[in-house]
Undergrad: 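Take this structure first; my questions come after.
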Amino acid sequence: MNDSYLNFVNSPFGARIARSLGLPKPEVLRRYRADEPEFGGLIAIGAGREPHLLDSLADLVVSIGVTSVAHESAGLWMPLAHRHGLMTGRFEPADSGSATRLAALIFDASGIDDSSLMEPLHAFFHDTLRSLRQRGRIIVLGRPPEACASPRQWTAQRALEGLTRSLGKEARRGIIANLLYVGEGAEHCIEATLRFFLSPRSAYVSGQVVRIAADGSYSRTARAAQTDATASPFDWKQPLAGKRAVVTGAARGIGAAIASVLAAQGAHVIGIDIPAARDALDATMHQLNGTALAFDIAAPEAPAQIAAALDEHGVDIVVHNAGITKDKTIAKMTGAAWQSVIDINLCAQERIDDALLAAGILRDGGRIVGVSSISGIAGNLGQTNYATSKAGVIGRVQSMAPLLRPRGITINAVAPGFIETQMTAKMPLTLREAGRRMNSLSQGGLPVDVAQTIAWLAHPGSAGISGQVVRVCGQSLIGA
Ligand SMILES: NC(=O)c1ccc[n+]([C@@H]2O[C@H](COP(=O)([O-])OP(=O)(O)OC[C@H]3O[C@@H](n4cnc5c(N)ncnc54)[C@H](O)[C@@H]3O)[C@@H](O)[C@H]2O)c1
């Protein structure tokens, strides 16, 4: 879909008109491209008292090869950076004349254990935000409030959500802001997530709170596979090499984008779609060297058929993307419209997972990702059936996560906001425009934004993330 307003206000003439009329000017977001560097520029580091994550940040800065500057709040950063052999300088505020544009702001708030100690947050973002370049990144690091030892610490850590979400709304210019709560013992399991949020892969993910738990499988399998203790345990270009991934609804739209991103990261993709979409499915899978399975996932025999088709080689990643809408207010909605949406969007996921888990076809250390929707978080007029099904997807990942943990399997959901697909192209113009603009980035997302988020959750380095919902909505005001 073409967003003509975004294109217009980013043309020289349109930009002048937008400026003179005071119209919003959505930034053209930068998406990941294999032929462009993924990381670059300067990262400013800030910290509160007793930060616990600076070591991991130093590892990250070495690993992605960027340069850092220390804000005065992060007094420990300079000596630490020097120990890691990093070139680093002091942050110069924008009004000092020698200011440099920053690519990212990272604040380690993990040691803040009292609400009276939050001043460094103000100092850091007050001093640095104006130096953050367009499409820059803001990451706040904290500890999961619910695991904090005292009410005061819990309170201070919970307060970080308000800060981060407000920064996302204030920053504009295509900048995203996200909060990572890093559990005790998970300090060295955060690189995959930090990379995602610093990369153009997360272009449309803002205002999110992600919890990373200590993860046994990371230390067991990833570290064991390391020959050089200082080397990264993952192949960052092809992290899914050797993995097999099933994607439902893969013939078009978001599903085709998910299949393509997982394949680009090395996975063999098995795409499923209805028999009527067979030609499109075959074409997509042919391009990706994948396997096409033409099944209606809601058919009673589908779980057994899918399990039989996957049995020989097993599977590592299952993405439940297939979904439909049959919108009507509930007074006008037929029982059939209600039931088919619940059945395809929710019950089929449960039946397929149950079949794959019972037969051991989904391997230990596997990944399940369900596609929910912000309608499932906020509800939506005319979508009682759809919102019920999508809220159910959230309940499913929350309830299954602890059950799957002993096998090292994670289960998460992504909740897209307004994504430019054939589904949203069918919306009436006014609703479509409202859907596009009512978020901090003032534009719709692309299927690839959902796909990249799923690929991050499927990454071997995301083993500490389970039972969570990540919105891919540009920080939509709906359900905020
Ligand atoms: N587009 C958005 O803005 C948006 C927003 C929130 C959530 N979502 C969700 O993202 C997912 C993909 O959406 P999309 O916009 O790409 O939709 P789409 O209609 O373009 O694609 C959905 C695909 O699922 C397939 N499918 C439908 N029923 C199936 C069945 N019974 N068995 C097998 N395949 C089936 C379709 O044939 C189609 O290829 C859906 O779950 C949708 O609810 C989309």
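As the structure lists them, so they are numbered: ligands from 1, and atoms in each ligand from 1.
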Undergrad: Just checking, is any N or O donor in the side chain of Q468 or R211 under 3.5 Å from an acceptor N or O on the other one?
TA: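 No, no side-chain donor-acceptor pair sits under 3.5 Å.
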Undergrad: For residues 299-325, which residue pairs pass the side chain to side chain donor-acceptor pair (under 3.5 Å) check, not counting sequence neighbours?
TA: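 Qualifying pairs, neighbours excluded: D316-R363, H320-D353.
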Undergrad: Anything with a heavy atom under 4.0 Å from ligand 1 counts, so go ahead and list those protein residues by chain and number.
TA: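 For ligand 1, the residues that come within the 4.0 Å heavy-atom cutoff are G249, A251, R252, G253, I254, D273, I274, F295, D296, I297, N321, A322, G323, I324, I344, V371, S372, S373, Y386, K390, P416, G417, F418, I419, T421, M423, T424.
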Undergrad: For D449, enumerate each residue passing the salt bridge (charged side-chain N to carboxylate O under 4.0 Å, His left out) test, keeping only those at least two apart in sequence or located in another chain.
TA: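 For D449, the residues satisfying salt bridge (charged side-chain N to carboxylate O under 4.0 Å, His left out) (neighbours in sequence not counted) are R31.
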Undergrad: Between the side chains of E191 and S63, is a donor N or O closer than 3.5 angstrom to an acceptor N or O?
TA: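 Present: a donor and an acceptor within the cut-off.
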Undergrad: Tell me whether D3 is salt-bridged to R437, with the criterion being a basic N under 4.0 Å from an acidic carboxylate O.
TA: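 So D3 pairs with R437 through a salt bridge.
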Undergrad: Under the ring-ring contact (aromatic ring centres under 6.0 Å, His included) rule, what pairs show up with a residue in residues 431-468, not counting sequence neighbours?
TA: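 Found F196-W456, F197-W456, F234-H459, W236-H459.
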